[in-house]
Visitor: 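Questions regarding the structure given below will be posed in turn.
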Amino acid sequence: MLNISEILSISPIIPVAIIPDGVDAVELARALSSGGINIIEVTLRTPSAIDSIRSISSALKDVCVGAGTVWNADDAEQVIDAGAQFIVSPAFVQTVFEVCTKRSIPYLPGLATVTEAAHCAELGLSAVKVFPANIVGGPAAIKAFASVLPDLKYCPTGGVNLELASDYLALDNVVCVGGSWVIQKDKILAGDWTSVEKTAQDTLKQLS
Ligand code: 3PG
C-alpha cells in the first residue's frame with residue numbers, strides 16, 4: 001500500500017475523471033497509463049463510479065486508482081472495498097477521515113483556508129488538496145499557505161490547465177496538481193483512446 005507522498009509523486013498531474021455511464025473505465029485508465037500517467041481519481045459523481053474503480057483496480061495493477069468527491073463514511077467504505085488506494089474529498093469530512101484512518105488508506109481532503117490547513121496538519125495529515133485552487137487565489141495563495149505551514153504538501157485542483165499547472169508545480173510544496181482537463185469528455189464518449197493517450201503524453205512532456 002502506498003502512502004500519500006508516494007501517491008502524489010506518481011505523476012505531476014492526477015487526472016480527475018467524471019466517467020459517464022457506458023464509457024469503458026478500464027480503457028480510459030489504460031490510455032492515460034499508455035501516455036505515462038499511472039494514476040486516476042474517479043469521482044463519485046456518476047452512477048458507475050464505484051464499478052469503474054473496481055474494474056480499474058482489478059484490471060490494471062500498475063495504475064493507482066483513487067476515489068474523489070467522497071462525502072460520507074458509507075461511500076468511503078465502499079470505494080475502499082472496490083480497490084481505491086486513496087480518497088479525495090472537496091472538503092475535510094470527519095467521518096471519511098475516520099474511515100481512512102481505520103482502513104489505513106491515504107486521505108486527501110480539500111480546503112480553501114489556512115484555518116482548515118492548520119486543522120489538517122494538527123490531525124497529522126501531510127498533504128491536502130486546495131480547492132477550488134484558482135478561486136482560492138492560485139499559486140500566490142499556495143505560496144502564502146506554505147509560508148506558514150511549510151510541512152504540508154498542497155495539491156491544487158479546480159480550474160487548473162496546462163499553463164497554470166506549470167506555475168503551481170514551480171512551487172516547493174506542490175508535487176502534483178489535479179484536474180479534469182486531461183480527460184476530454186467528447187473523446188471518452190467516442191472511445192477515442194488514441195487521443196486520450198496523446199493528450200496524456202503531451203501534457204507530461206510539457207510539464208517536465
Ligand atoms: C475536482 O473534483 O477536483 C474538480 O472538479 C476538478 O476541477 P476541474 O474540473 O476544474 O479540473
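Both counts, for ligands and for their atoms, begin at 1 and track the order of listing. In what follows, residues are counted from 1 in the order of the sequence shown. Everything numeric in this text was worked out from a predicted model, so none of it was measured.
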Visitor: Any nitrogen or oxygen of Thr157, side chain or backbone, less than 3.5 Å from one on ligand 1?
Guide: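 So ligand 1 has no N or O lying under 3.5 Å from an N or O of Thr157.
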Visitor: Could you find the nearest protein heavy atom to atom 1 (C) of ligand 1 and give me its residue, atom name and distance?
Guide: Arg45 NH2, 3.3 Å
Visitor: With no hydrogens and no angle check, is any side-chain donor or acceptor of Thr46 less than 3.5 Å from a backbone partner on Ile18?
Guide: no
Visitor: Answer yes if the side chains of Glu197 and Gln201 hold a donor-acceptor pair under 3.5 Å, and no otherwise.
Guide: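 Side-chain D/A pair, Glu197 to Gln201: absent.
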Visitor: Within the structure provided, determine whether Ser89 and Thr69 are in side-chain contact (heavy-atom separation under 4.5 Å).
Guide: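 The answer is no; the side chains never approach within 4.5 Å.
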Visitor: Any atoms of ligand 1 less than 4.0 Å from a non-hydrogen atom of Gly179? List them with their elements.
Guide: 11 (O)
Visitor: Assess the pair Phe86 and Tyr107: is the distance between their ring centroids shorter than 6.0 Å?
Guide: no
Visitor: Looking at ligand 1, would Gly178 count as a contact under a 4.0 Å heavy-atom criterion?
Guide: no
Visitor: Name the closest protein heavy atom to atom 3 (O) of ligand 1, giving the residue it belongs to and the distance to 0.1 Å.
Guide: Lys129 NZ, 2.7 Å
Visitor: Which residue owns the protein heavy atom closest to atom 4 (C) of ligand 1, what's the atom, and how far is it?
Guide: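 Answer, as residue, atom name and distance: Phe131 CE1, 3.6 Å.
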Visitor: Can you tell me the protein heavy atom closest to atom 7 (O) of ligand 1 and the distance?
Guide: Gly158 CA, 3.5 Å
Visitor: Check if Gly159 has a non-hydrogen atom at a distance under 4.0 Å from any atom of ligand 1.
Guide: yes
Visitor: For Trp181 and ligand 1, does the shortest N/O to N/O distance drop below 3.5 Å?
Guide: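 No, Trp181 has no N/O under 3.5 Å of an N/O on ligand 1.
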Visitor: Is any side-chain heavy atom of Gln78 less than 4.5 Å from a side-chain heavy atom of Asp81?
Guide: no
Visitor: Is Val65 reachable from Ile39 through a run of hydrophobic residues whose side-chain heavy atoms are each under 4.5 Å from the next?
Guide: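 Yes; Val65 is reachable from Ile39 via cluster members.
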Visitor: Got the closest protein heavy atom to atom 11 (O) of ligand 1, with its distance?
Guide: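 Answer for atom 11 (O) of ligand 1: Ser180 N, 2.9 Å.
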Visitor: Less than 4.5 Å apart, side chain to side chain, heavy atoms only: is that true for Leu171 and Lys143?
Guide: yes
